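Step one of this worksheet: look at the structure below.
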Amino acid sequence: MKRSILLLSTLAMLGVMTLPSYAADKIVVKIAGMKPDGEPETIGMKLFAKYVMEDSKGKYDVQVFPNNQLGKEDAQIAQMRKGIIQMVATGTQTASIFPAMAMLETPMLYDSFDHAHKAMNGDTFKLITKGFSEKSGLTLMNAFPLGFRHFYTKNPVNSINDLKGLRMRVPNISFYLEFAKQLGQSGQPMPFAEVPAAIDQGTIEGGDSPLADIVAVKMYEKIKNITLSGHILVIHGLYINNDFYNGLPPEDKKIFDDAAHRSAEDIWKMAVEVEKKAVEEITAGGGKIVEPNAEFKAGLKKAGEGTWELFYKTVPNAKEILDSVNQYR
Ligand code: G3P
């Protein structure tokens with residue numbers, strides 16, 4: 001018996017199979033995330049954990065590790081693919097495995113949270129994720145918003161031209177670099193966790209993030225100017241290792257599915273309020289908020305749609321995905 005447990009554990013460590021660990025009589029499920037406490041991604045993970053633990057009557061012990069506690073985003077995804085951990089909350093980082101996943105955050109695509117919500121509960125989500133599971137060994141269980149990205153900059157930005165030539169932090173994801181290029185910026189790829197230090201060292205002059213991220217690290221204390229450009233809606237979700245997921249008894253799988261759906265719906269419901277509260281907090285903390293005018297917005301639209309060319313080149317069903325959002329307007 002002891003030898004077979006040892007063999008199973010060794011296989012799991014080698015990534016040959018997923019073996020959940022058992023704490024007393026509970027099955028432990030580990031979820032890693034990259035965002036700090038209070039940010040929608042972390043709230044989503046915690047709600048999912050709560051729902052699974054309640055609905056399974058304690059059969060599962062869902063442990064949540066936000067804020068890069070288990071390593072930065074790429075390391076978390078690698079651990080999940082090997083089955084060392086069961087789940088990760090992340091975003092378009094998964095485009096490095098399957099390029100279509102980048103289109104979850106297509107620049108200048110959605111009119112509002114409501115528009116994106118319908119697309120993510122409908123055809124757009126299905127078209128983007130088609131084939132992802134087979135390619136990656138993972139399933140994306142839900143999709144929820146962290147917020148629209150807005151620019152934070154050392155100097156005030158009042159027009160599209162003011163964005164040109166800036167050294168801006170971008171996530172290390174191809175279309176983000178392409179978007180910076182379209183805006184005439186020098187994109188500096190780095191994980192979000194490295195941004196505050198990069199500002200202190202002067203290696204970047206700004207970046208773009210959802211307001212919840214800006215508030216979570218009090219970015220406005222380092223960089224005062226926030227331009228409400230809203231050019232990309234950041235969509236994260238709960239990813240799960242297929243070996244673990246497909247090994248769940250059907251009634252437990254349903255509990256996991258329902259918890260993923262409910263937790264995402266909770267986040268969609270709070271999205272508008274999260275942005276409103278963040279604006280208040282930024283203003284109270286000394287940040288200066290600028291609303292772009294119509295000409296500025298037109299410039300962002302042109303740059304955003306310029307990045308769509310990359311999707312046409314790398315995602316076979318890109319046109320179908322882009323067209324699918326129109327039915328939800
Ligand atoms: O979904 C990807 C997105 O989260 C990357 O942005 O700023 O969180 O690294 P950031």
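It should be emphasised that the depicted structure is a prediction, and the values quoted were computed from it without experimental measurement. Read the numbers this way: they start at 1 and go in the same order the structure lists the ligands and their atoms.
Looking only at heavy atoms of the protein, atom 1 (O) of ligand 1 is closest to Glu105 OE2, 2.5 Å. Protein heavy atom closest to atom 2 (C) of ligand 1, with residue, atom name and distance, is Thr92 OG1, 3.2 Å. What sits closest to atom 6 (O) of ligand 1 on the protein, heavy atoms only, is Arg149 NH1, 3.0 Å. From the protein, the heavy atom lying nearest to atom 9 (O) of ligand 1 is Arg169 NH2, 2.8 Å. Protein heavy atom in closest approach to atom 3 (C) of ligand 1: His236 NE2, 3.6 Å.
Ionic pairing of Lys50 and Glu54 is present here: one or more N-O contacts between side-chain nitrogen and carboxylate oxygen are shorter than 4.0 angstrom. Lys313 has no carboxylate O lying under 4.0 Å from a charged side-chain N of Glu309, or vice versa, which leaves the two without a salt bridge. Ion pairing between a basic and an acidic side chain is recognised when a charged N comes within 4.0 Å of a carboxylate O; Asp266 and Lys46 show no such pairing. A salt bridge links Lys254 to Asp258: one of the charged nitrogens lies within less than 4.0 Å of a carboxylate oxygen.
Put simply, Met101 and Leu109 are part of the same group of oily side chains (I, L, V, M, F, W, Y) that touch within less than 4.5 Å, one to the next.
A ring-centre distance under 6.0 Å is found for Phe311 and Phe175.
Interface atoms of ligand 1 facing Lys35, defined by a heavy-atom separation under 4.0 Å, are 8 (O), 10 (P). Distances below 4.0 Å separate heavy atoms of Gly91 from the following atoms of ligand 1: 1 (O).
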